[in-house]
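In what follows, a single structure is set out as structure tokens and then discussed.
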Number of protein chains: 2
Amino acid sequence: MQQRKISKAVISRLPRYYRYLGELLEQGVERISSKELSVRMKVTASQIRQDLNNFGGFGQQGYGYNVKYLYSEIAKILGLDRQHSIIIIGAGNLGQAIANYANFERRGFIIKGMFDVNPRLVGLVVRGIEILSIDQMEDFIRENKIQIAALTIPKTKAPDVADCLVKAGIKAIWNFAHTDLVVPEDVVVENVHLSESLMRLSYRMCSKQEKEAVTVGKQQRK
Amino acid sequence: MQQRKISKAVISRLPRYYRYLGELLEQGVERISSKELSVRMKVTASQIRQDLNNFGGFGQQGYGYNVKYLYSEIAKILGLDRQHSIIIIGAGNLGQAIANYANFERRGFIIKGMFDVNPRLVGLVVRGIEILSIDQMEDFIRENKIQIAALTIPKTKAPDVADCLVKAGIKAIWNFAHTDLVVPEDVVVENVHLSESLMRLSYRMCSKQEKEAVTVGKQQRK
């Protein structure tokens with residue numbers, strides 16, 4: 001119950017802690033100080049302590065953090081201690097890339113179905129999952145009590161499909177369509193807007209180059 | 001030169017402004033007030049004014065924003081007023097999904113090459129782009145003065161490939177590999193960690209459901 005008031009910023013950092021702790025576990029590291037962890041993760045030790053204090057402070061002074069315990073606690077917080085059934089709407093390259101990513105399954109996200117409008121894709125099998133027609137989507141969600149849907153379809157069709165998903169009982173939409181979805185209170189949407197990510201990359205590259213050009217210019221004038 | 005001290009948070013919101021302004025343009029809207037824009041974008045009008053003030057304030061009191069002007073100014077800031085050449089390293093589903101996404105090209109991001117280690121993929125053509133062997137990557141970058149690389153390969157191979165990319169002159173890495181890359185000062189990395197995005201979705205869904213369970217429990221006890 002402690003996680004109620006945790007800030008978005010902290011939550012958004014938790015998966016990264018989880019990844020680093022998983023790597024430490026694989027390397028056989030049993031405990032780690034906030035300082036060592038801060039060197040690996042390139043954030044300050046004080047931020048690590050503050051972030052992890054939100055969850056009751058799993059560390060002990062002089063001992064550091066028990067890696068396995070912290071890993072499993074963060075897993076619980078993130079909802080990774082149980083299985084989630086997912087369907088993918090849109091079986092193009094992106095949908096197939098998600099279906100093929102075995103790591104999701106290791107984390108408890110089990111892909112149960114894929115759906116597409118394209119008759120040439122319907123009937124194909126991706127990693128053991130048959131692509132079904134989108135007409136079958138709503139029944140499938142109800143029958144299999146699916147809660148999470150990945151939406152990898154063009155933005156023009158996304159709002160209508162999202163409405164159908166919600167009507168059928170979906171509670172979380174992983175939205176790759178380049179548009180903002182409007183959903184009821186009890187449904188969450190996590191956006192992956194690739195174009196926007198690429199624009200941020202472009203911005204950062206351009207502004208860094210401008211800054212360097214200015215610095216070089218100044219040096220040459222000296 | 002004004003964009004020097006703009007906060008990361010503002011920058012990260014710019015692509016979204018750009019998207020909404022683009023949609024307004026398509027709808028033939030010539031000008032818009034911060035209030036109308038705030039209703040569409042579901043952020044406060046005051047945040048819109050604050051954000052856009054960072055760029056010298058394109059709005060005029062009583063008139064609102066000139067959509068076309070604001071759109072093109074934001075494009076300039078994001079570096080979208082020029083063309084960028086991109087290569088994709090890793091021609092699996094995700095690499096192909098990126099290559100097939102025509103929208104990137106419309107924004108000035110031109111995919112010039114794709115590379116893979118898999119001999120079964122080398123020689124295939126995706127949207128007019130031939131997949132080359134990764135051995136040809138460094139020469140290709142130098143000959144074609146490529147600055148941006150999308151990295152869609154497994155995390156185990158990503159650090160070594162990133163080193164090669166940087167050595168050959170890449171200045172921006174769009175990193176889909178689930179690891180943090182270490183690069184020199186003059187290179188930018190923009191991460192798209194899909195697993196982490198999925199975990200955030202899972203967290204938000206689970207914590208919403210717990211909260212609702214608590215509320216229902218309280219109501220039942222009444």
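Just so it is clear: chains get the letters A, B, ... in the order the sequence lines come, proteins before strands, and each one is counted from 1.
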Given a strict heavy-atom distance threshold of 4.5 Å, which part of [X] is in contact with chain A: side chain, backbone, both, or neither?
X      : result
B/R107 : side chain
B/R19  : side chain
B/R82  : side chain
B/K42  : side chain
B/E23  : side chain

Residues of residues 171-187 of chain A with a heavy atom under 4.5 Å from any heavy atom of chain B, in residue-number order, are A/K171, A/A172, A/I173, A/W174, A/F176, A/H178, A/T179, A/D180, A/V182, A/E185, A/D186, A/V187
[X] side chain near [Y] side chain, heavy-atom distance below 4.5 Å:
X      : Y      : answer
A/M114 : A/I129 : yes
B/P15  : A/H193 : no
B/I110 : B/F104 : no
B/I87  : B/I111 : no
B/I32  : B/L24  : yes

I need the minimum non-hydrogen distance between B/I77 and A/Y203, along with the two atoms involved.
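In this case the closest contact between B/I77 and A/Y203 is O-CD1, 3.0 Å.
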Shortest non-hydrogen separation from B/I11 to A/R200 and the atoms involved:
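Closest approach of B/I11 to A/R200, heavy atoms only: O-CG, 4.4 Å.
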Using 30° and 60° as the class boundaries, would you call the ring planes of A/F115 and A/F140 parallel, tilted or perpendicular?
perpendicular
Rounded at 0.5 Å granularity, tell me how far CG in A/L121 sits from CG in A/L132.
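Answer rounded to 0.5 Å: 12.0 Å.
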Distance check, rounded to the nearest 0.5 Å: A/D116 atom CG versus A/I89 atom CD1?
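Between atom CG of A/D116 and atom CD1 of A/I89 there are 9.5 Å.
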Can you tell which of B/M41, B/H84, B/Q147, B/R16 has the highest number of heavy-atom pairs within less than 4.5 Å of chain A?
B/R16
Output the option from B/V192, B/L94, B/N93 having the highest count of non-hydrogen pairs under 4.5 Å with chain A.
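Maximum pair count with chain A is reached by B/N93.
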Contact leader toward chain B among [options], where contacts are heavy-atom pairs under 4.5 Å:
options                      : answer
A/I86, A/V189, A/N100, A/I98 : A/V189
A/S197, A/G95, A/C206        : A/S197
A/Q96, A/M199, A/E190        : A/E190

Less than 4.0 Å between a side-chain N and a carboxylate O, is that true for B/R127 and B/E105?
yes
Whether B/D51 and B/R13 form a salt bridge (side-chain N of Lys/Arg under 4.0 Å from carboxylate O of Asp/Glu) is what I want to check.
yes
Set of side chain to side chain donor-acceptor pair (under 3.5 Å) partners for A/S195, sequence neighbours left out:
none
Enumerate by number any residue of residues 148-157 of chain B whose heavy atoms lie under 4.5 Å from heavy atoms of chain A; in the absence of such residues, state 'none'.
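Residues in range: B/I148, B/K155.
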Sequence neighbours excluded, which residues qualify as ring-ring contact (aromatic ring centres under 6.0 Å, His included) partners of A/Y20?
none
